[in-house]
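What follows is a single structure, written as structure tokens, with notes after it.
Values reported hereafter were calculated over all heavy atoms of this structure, with side chains retained and with hydrogens, waters and symmetry mates removed.
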Protein chains: 2
Amino acid sequence: MAEEGKKILIADDEPDILEIIKFNLQLHDHEVETAKDGDQAIEIAKKFKPDLIILDIMMPKKNGIEVCKILRSLPEFQDTIIVFLTALNDELSHVKGLEFGADDYLNKPISPKVMVSKVNSLFRRLNKQEQSRILDFGDLKIDPDQYVVYFKGQSISLAKKEFDLLHFLATKPGRVFLRNEILNEIWGSEVIVGDRTIDVHIRKIRQKLGIECIKTVKGVGYKFDL
Amino acid sequence: MAEEGKKILIADDEPDILEIIKFNLQLHDHEVETAKDGDQAIEIAKKFKPDLIILDIMMPKKNGIEVCKILRSLPEFQDTIIVFLTALNDELSHVKGLEFGADDYLNKPISPKVMVSKVNSLFRRLNKQEQSRILDFGDLKIDPDQYVVYFKGQSISLAKKEFDLLHFLATKPGRVFLRNEILNEIWGSEVIVGDRTIDVHIRKIRQKLGIECIKTVKGVGYKFDL
DNA sequence: CAAACCTTGTAAGAATTTCGTAAAATTAAC
DNA sequence: GTTAATTTTACGAAATTCTTACAAGGTTTG
């Protein structure tokens, strides 16, 4: 993996979680410091100058949002990646989090594997100066980095073609894509697939998501619309 | 980055959000003013003459849509970019937003980085004169990308032929199209359809829209006219 | 002026197209 | 070799599109 030797600060008040995350990130050659409350997080951040800061929302002294606000107001932390750890159903703090200058969020509980992959994709993004590629429609979130769709916090696993299709349509919500455009984008111009293939995939997406987010425009194509 | 030194006005009733957005846009060499309600937004806009105005939908005094309507009615704000901030799930105001002359909308919550990149891409779009293909006749808007017609904010779904026909006529408002021209454009020169076919489609369009926007010119053809 | 003529509007329904669905067949992944 | 993903096939349902037949105007002509 290209992304190594980065400095990462994790702030959480649960020592067990700190240990697990730290251990896993160190395995991937990252340099990790930990903080157990908000004040300590700020203090260490200033000395340690991490590339990435992972902040639990609920912490003693200062909570994650306050820490983020304070750090973001300092010029030296403008380009630091800040990520929030939020409890699953805590939609509110997640919302506030992004408003207050976070770059992304991670839902608790989080497996070490997902954590590591997230962290790496965040670094990749930073290097390329890219913004988050997550398409966020409220209840529905489409994350092309993880190839996962979230609906009301629940992750829904789509097959590759299904995901590609949904993601493609969702890049321009409301816009109708012709069957040809879809074929070209998802299958490529040289591959020839039958007429009903698109329909079948659309059907599976609708089935799995359980909501009408893809609308049919008869005689024209499909569009993503909530 | 090419787009710098623009004047931006942000209106939102949450001071924290104003601060963070302002800070981040200033970092990118934009000149930023803020307003905390609708009335103030209008007042400052008149003095400050911003290139871009970001309006929260939900604001005290006057909401974002009202502010937009008022500003758009003034000649000096015809070419100003106006963007709405909408809470997630608030599809209605999003639709209304575009109805009332906004150029784009941003979903809350929005991270500063996304915000900055959006703002820059908006300026880029303006410079390149990239524009949507929406035909705008006030109450009536025809959007060939969405394949949807809006009448007074209500979206009206037309079948493909109906939409194509309306859109074709509306591309040159007032101009009369001969039946032959219409047949050639919508059906193609090789397809042969009966005499009454056009009439029937015209009828359905009139029925669905509920207004007389297509006028008959007897012995000649049809024209789009409001 | 009225009859014949021409053009368009309207309603109903037939014909056609397009899409959704289930299930089977094929392909790829593990 | 088993499982999952993808594609094809076949068919029915639904929506669209088109035709037909006639009505309602208007215009021309005798």
Side-chain angles (χ1 to χ4, degrees), chain A residues 113 144 146-149 155-169 176-225, chain B residues 144 147-149 155-169 176-225:
Chain A
K113 225 186 203 176
Q146 291 188 216
Y147 250 81
V148 166
V149 172
S155 81
I156 295 170
S157 84
L158 300 181
K160 176 171 156 51
K161 277 268 147 59
E162 290 157 16
F163 185 89
D164 288 346
L165 186 47
L166 176 64
H167 180 254
F168 174 57
L169 295 177
V176 178
F177 291 95
L178 312 181
R179 289 178 118 75
N180 265 334
E181 294 180 303
I182 295 173
L183 284 175
N184 265 306
E185 180 70 23
I186 307 297
W187 279 267
S189 47
E190 67 291 340
V191 183
I192 299 161
V193 289
D195 256 6
R196 299 273 66 70
T197 305
I198 294 180
D199 307 359
V200 173
H201 282 98
I202 295 277
R203 177 168 174 273
K204 294 213 102 182
I205 295 170
R206 300 210 250 228
Q207 216 170 37
K208 286 186 179 176
L209 295 192
I211 48 165
E212 267 298 307
C213 60
I214 297 178
K215 297 215 170 88
T216 308
V217 182
K218 271 213 167 183
V220 188
Y222 293 96
K223 68 171 158 181
F224 178 90
D225 208 347
Chain B
Y147 249 86
V148 164
V149 172
S155 81
I156 295 170
S157 84
L158 301 181
K160 177 174 153 56
K161 276 268 148 58
E162 290 156 17
F163 184 90
D164 289 346
L165 186 47
L166 175 64
H167 181 253
F168 174 57
L169 295 176
V176 180
F177 290 95
L178 312 180
R179 289 175 115 74
N180 264 335
E181 292 180 304
I182 295 172
L183 284 174
N184 264 304
E185 179 70 23
I186 308 297
W187 278 266
S189 46
E190 67 291 341
V191 183
I192 298 161
V193 290
D195 258 7
R196 298 274 63 70
T197 305
I198 293 180
D199 307 359
V200 172
H201 285 285
I202 296 279
R203 178 171 174 271
K204 293 214 102 181
I205 296 170
R206 287 173 171 160
Q207 214 171 39
K208 285 188 178 176
L209 294 192
I211 48 164
E212 267 299 308
C213 60
I214 297 178
K215 298 216 168 86
T216 307
V217 182
K218 272 212 166 182
V220 189
Y222 294 96
K223 69 171 165 179
F224 178 90
D225 206 348

Whether Phe168(A) and Phe177(A) hold their rings parallel, tilted or perpendicular, with breakpoints at 30° and 60°: tilted

Separation of dT17(D) atom P from Glu162(B) atom CD, nearest Å, is 6 Å

Under 4.0 angstrom between Tyr222(B) side-chain N/O and dG9(C) OP1 or OP2: yes

Please check if atom NZ in Lys204(A) has more than 12 non-hydrogen atoms from other residues, nucleotides or ligands closer than 6.0 Å. no

Rounding to an integer number of Å, can you tell me how far Ile202(A) CD1 sits from dT18(C) P? 17 Å

Rounded to whole angstrom units, what separation is found between the CD1 atom of Ile198(B) and the C1' atom of dT16(D)? 17 Å

Sorted by position of nearest nucleotide on DNA chain D, 5' first, the leading residue of Lys161(B) and Leu158(A) is Leu158(A)

Are any of the side-chain nitrogens in Arg179(A) or Asp199(A) under 4.0 Å away from the carboxylate oxygens of its partner? yes

Got Lys161(B) and Trp187(B) here, is their nearest side-chain heavy-atom distance under 4.5 Å? yes

Would you say dT7(C) has OP1 or OP2 under 4.0 Å from some side-chain N or O of Thr216(B)? no

Spacing between Leu165(A) atom CG and dT7(D) atom C1', to the nearest angstrom: 14 Å

With a 4.0 Å heavy-atom cut-off, tell me which residues in residues 178-196 of chain B come close to DNA chain C, sorted by residue number. Arg179(B), Arg196(B)

Value in whole Å for how far the C1' atom of dT21(C) lies from CD of Gln207(A): 10 Å

Taking CG from Asp199(A) and C1' from dT9(D), how many angstroms apart are they, rounded to a whole number? 13 Å

Roughly how many Å is it from NZ in Lys160(B) to P in dT16(C), rounded to a whole number? 19 Å

Just to verify, which of Ile202(A), Leu158(A), Ile214(A) counts as forming a side-chain contact (heavy atoms from CB on, under 4.5 Å) with Leu165(A)? Ile202(A)

Separation of Arg203(A) atom CZ from dT8(D) atom C1', in whole Å? 15 Å

Close side-chain approach of Val148(A) and Ile156(A), heavy atoms under 4.5 Å: no

